[in-house]
Structures are given as structure tokens and as C-alpha cells.
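Below is one structure; the comments refer to it alone.
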There are 2 protein chains.
Amino acid sequence: MEAQAEVSTAPDDLGGRAWELMFEVFKSAKAYMEVVAAGLDMTPQQVYALKSLTNERPMAMSELASSLGCDASNVTALVDKLESRGLVERRSTDRDRRVKSLIMTEAGVALRARIQERMKKAPAAIENLTSGDKVALCEILSRAVASLE
Amino acid sequence: MEAQAEVSTAPDDLGGRAWELMFEVFKSAKAYMEVVAAGLDMTPQQVYALKSLTNERPMAMSELASSLGCDASNVTALVDKLESRGLVERRSTDRDRRVKSLIMTEAGVALRARIQERMKKAPAAIENLTSGDKVALCEILSRAVASLE
DNA sequence: TATTGTTATACTCTATAACTATA
DNA sequence: TATAGTTATAGAGTATAACAATA
């Protein structure tokens, strides 16, 4: 593991340097996510989908699409797979019979809990930091995100 | 834009909190990245590839693969496209004739510079930080990344 | 024997466009 | 007409396995 430290940038381009490092952290996290998904015999997208659902306020297909940040046409096959594994059900609504609500089965709820548990942990790169570093990181990133609004 | 704030986490789960925030930053940047790539008539992956290269220390195909975090077999077609656009050249090395070094053409260097310029501004969330915060962020993330090795 | 890059293949994720059934 | 979901399709990204040339 190394290879792209040299993307650097002017010696004082602190923002660019920070971004490169953040990218590294993401790459390691993506790999972890794939491992978690594979361990549950799912694709990452299926994991994200199940993670997004809740039975307290059932989602429509289109809501799931926007939650995943993809086109609605993709959600059909995705939900097909979850449904064929007995994790969710499509249920037509009375109010508008075009809409389909997504309800998790018991198995779906249970699997979602397992996912939550495994995903709760931040990637190792972050967890390995000292408490002090984590606090500082939270504070800085809070300011970063806040600046977008 | 919303939808996964509910993954939250114990109040003192600093790592998890930092991770959520980092995710926010990343999401804002990913969308921008796609716009930049489309504006240059490239795919995001092609942009990442060109961004990773340097003529000061030319990369082998396998190095580019590890820099992109993908299997080496994918790099063949990727470099084919960059090469067909006259942005890079494969050059066999004398030391080990199995290895192919990737050299940017003049056009590649120029396009890379345009990419760098546009990407430097990319994560507004980060650029908006104070210099002090950027320095601290670099230091913390350096430790995070270093902890992976 | 091991490694670099290539090819073949297959699967996932993605968007666009056309369709259906409702509204 | 407009919208929710589906289908068909195509392109990009991904990994695995087998191969040639070279080490």
C-alpha cells in the first residue's frame, strides 16, 4: 500500500493534500464495505438499500432510488433480489395504486440489524486515531460541512 | 440530498461521527467530480488515472492499478482509451521488458494541468477551512493513513 | 517457477428511453 | 397529460481465470 503520495501539488496546497489523504481513507473504507457485503452474501448496493429502509415509515421505490442516489429504473432489479431472498416485500398502497411501499420482513429486519452493527464502526484508519485526534477531526469536519450551507 | 443521517451512533462514538462527516464531504465532492469529468469528455476513472500520473517518475501499468485501487486487468482498457486520445504512451523499459511505463504526451500533461486546476477547487468544504484547520486536518489524516500500513 | 500485462468473461451499477397502469 | 414503476439496452467499473512474454 502506497503509490499515490506523489499526486502532490504545491508544497503549501494544504487543501489539496488534505483531500488526497481523505481519498485514501475512503478507499480503505470502500474495501471494508465490500468485505462486509460479501460476508453477508450481498452486493454493496443491496447492503446500502437494506440499510436505508425502515418499517416505521415505509419507503416507496422512488424514495429508495433517491436515497441511494441512483435512477429509479435501477431499483426494480435491486428490490427484486432483496425480495427473492425474502428480505423485503412490495406492497401496493390504497392511496395511490401506482406506488409500491417497501416493507422489511422479519428476516430483513434481522439482517439490517447485523449490517448496522458491522457498519457502525468507522474504517480502521479513523478508529486507529487517538481520542484527541478524533475530537479534533470531528470539530474540523463539522466546520467543513457547515461551510457548505 | 439527505437520507442517511439516521445511521447515528452513540453520542461518544467519535470515530463514527467523524466518518459520517467525512462521508458528507465526499458526497459533495463526488458529484462535482462527475461534472468536471463530463466537462472534459472523460469518465471519472480516466480523470483519476491521468491525475495519478507524472512524468517525473513514470508509472507501470500495475502501479496505476494499485493507485486506482482496482485490478490490473482493468487498466489495460483504461490506458487504451487514454492512449487512443493521445494523452499517454506505453513505453517498454529496458530493465524489465515485461513492464510498461506510462508517459504522458504533451497533450496529456496539458490536460492533466487543467484537471488539477479544476480539482484543486473541488472540495469546497475543505477549501473553506482556515489554514490552521487545514494543517491540523493534514496532520490527523496523515496519521490515519499511516496507521493502515 | 513467478511476474507483467493482456484477453475473455461475467456481474454490478449506472443512465436513458419507451412502455404500463394508474392518476 | 403526468407520474410510479417496469423493461430493454448500453456503457462503465469491477474481479477472476487463463495466457504470452519475460524474468
Side-chain angles (χ1 to χ4, degrees), chain A residues 3 26-53 58-85 88-103, chain B residues 27 30-31 33-38 40-53 58-85 88-103:
Chain A
F26 264 102
K27 255 179 25 184
S28 71
K30 193 182 156 218
Y32 176 70
M33 175 51 141
E34 280 160 11
V35 169
V36 168
L40 299 169
D41 194 29
M42 302 176 85
T43 68
Q45 195 73 348
Q46 288 168 10
V47 170
Y48 292 131
L50 201 55
K51 211 160 138 293
S52 302
L53 294 176
M59 274 188 172
M61 301 286 285
S62 58
E63 285 178 288
L64 180 55
S66 90
S67 164
L68 295 172
C70 71
D71 190 85
S73 62
N74 299 301
V75 175
T76 297
L78 181 62
V79 170
D80 281 350
K81 276 177 209 129
L82 295 177
E83 201 167 25
S84 74
R85 283 183 62 156
V88 305
E89 281 175 24
R90 286 169 166 100
R91 208 170 287 176
S92 283
T93 61
D94 289 342
R95 270 194 51 226
D96 183 337
R97 277 157 50 208
R98 293 172 302 182
V99 175
K100 289 175 188 166
S101 270
L102 296 171
I103 314 283
Chain B
K27 251 178 32 183
K30 187 185 163 216
M33 174 51 137
E34 280 160 10
V35 169
V36 168
L40 298 169
D41 194 30
M42 301 177 86
T43 68
Q45 195 74 344
Q46 287 167 10
V47 170
Y48 294 131
L50 201 56
K51 207 163 142 289
S52 302
L53 295 175
M59 273 188 174
M61 300 287 284
S62 58
E63 285 178 289
L64 181 55
S66 90
S67 164
L68 295 173
C70 71
D71 190 85
S73 61
N74 299 301
V75 175
T76 298
L78 181 62
V79 170
D80 282 348
K81 277 179 207 127
L82 295 176
E83 201 166 26
S84 74
R85 282 183 63 156
V88 306
E89 279 175 27
R90 285 169 167 98
R91 208 170 287 175
S92 284
T93 62
D94 289 341
R95 270 194 50 224
D96 183 338
R97 277 156 52 210
R98 292 172 303 181
V99 175
K100 289 176 189 167
S101 269
L102 297 171
I103 314 282

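Residue numbering restarts at 1 for every chain, and letters A, B, ... go by the order of the sequence lines. We use all heavy atoms of the structure for the numbers below, so side chains are in, but hydrogens, waters and symmetry mates are not.
Looking only at distances, a side-chain donor or acceptor of B:Ser52 sits under 3.5 Å from a matching main-chain atom of B:Tyr48.
Counting to the nearest Å, the P atom of D:dT6 and the CZ atom of A:Arg97 are 16 Å from each other. When rounded to the nearest whole Å, the span between CG of A:Leu64 and P of D:dA4 equals 15 Å. Whole-Å rounding puts the B:Met42 CE to D:dG13 C1' distance at 15 Å. Nucleotide D:dT16 holds its P atom 10 Å from the CD atom of A:Glu34, rounded to whole Å. Atom CZ in A:Arg95 sits about 14 Å away from atom C1' in D:dT3, given to the nearest Å. A:Glu63 has its CD atom 12 Å from the C1' atom of D:dA4, to the nearest Å. Separating the CG atom of A:Asn74 from the P atom of D:dG11 is a distance of 16 Å, rounded to the nearest angstrom.
Contacts between chain B and DNA chain C, taken as any atom within less than 4.0 angstrom of a protein heavy atom, begin and end at C:dA2 to C:dT7.
Side-chain contact between A:Arg85 and A:Asp41: present, with at least one pair of heavy atoms (C-beta onward) separated by less than 4.5 Å. Taking the side chain as every heavy atom from C-beta outward, A:Met42 and A:Leu50 approach each other to under 4.5 Å. Looking at heavy atoms from C-beta onward, A:Leu68 lies in side-chain contact with A:Leu78 at the 4.5 angstrom threshold.
The distance from the NZ atom of A:Lys100 to the CG atom of A:Leu64 is 14.0 Å, given to the nearest 0.5 Å. Here the CD-NZ distance, from A:Gln45 to A:Lys81, works out to 10.0 Å after rounding to the nearest 0.5 Å. Distance check, rounded to the nearest 0.5 Å: CD1 of B:Ile103 to CZ of B:Arg90 gives 12.5 Å.
Position along DNA chain D of the nearest nucleotide to A:Ser73 versus A:Lys30 favours A:Ser73 as the more 5'-ward residue. Looking at which nucleotide of DNA chain C each of B:Lys100 and A:Asp71 is closest to, the 5′-most match is held by B:Lys100.
For A:Ser62 against D:dT3, no side-chain N or O and base N or O form a donor-acceptor pair under 3.5 Å.
In the set D:dT7, D:dG5, D:dT14, the nucleotide with an atom closest to the side chain of B:Cys70 is D:dT14. Side-chain proximity of A:Arg98 to D:dG5, D:dA2, D:dT22: nearest is D:dA2.
Contact annotation: B:Thr43 reaches the phosphate of D:dG13 (side-chain N/O to OP1 or OP2, under 4.0 Å). Between B:Gln45 and the phosphate of D:dT14, there is a side-chain N or O to OP1/OP2 separation shorter than 4.0 Å.
Counting any heavy atom pair closer than 4.0 Å across all strands shown, A:Ala60 reaches sugar-phosphate atoms only and no base atom.
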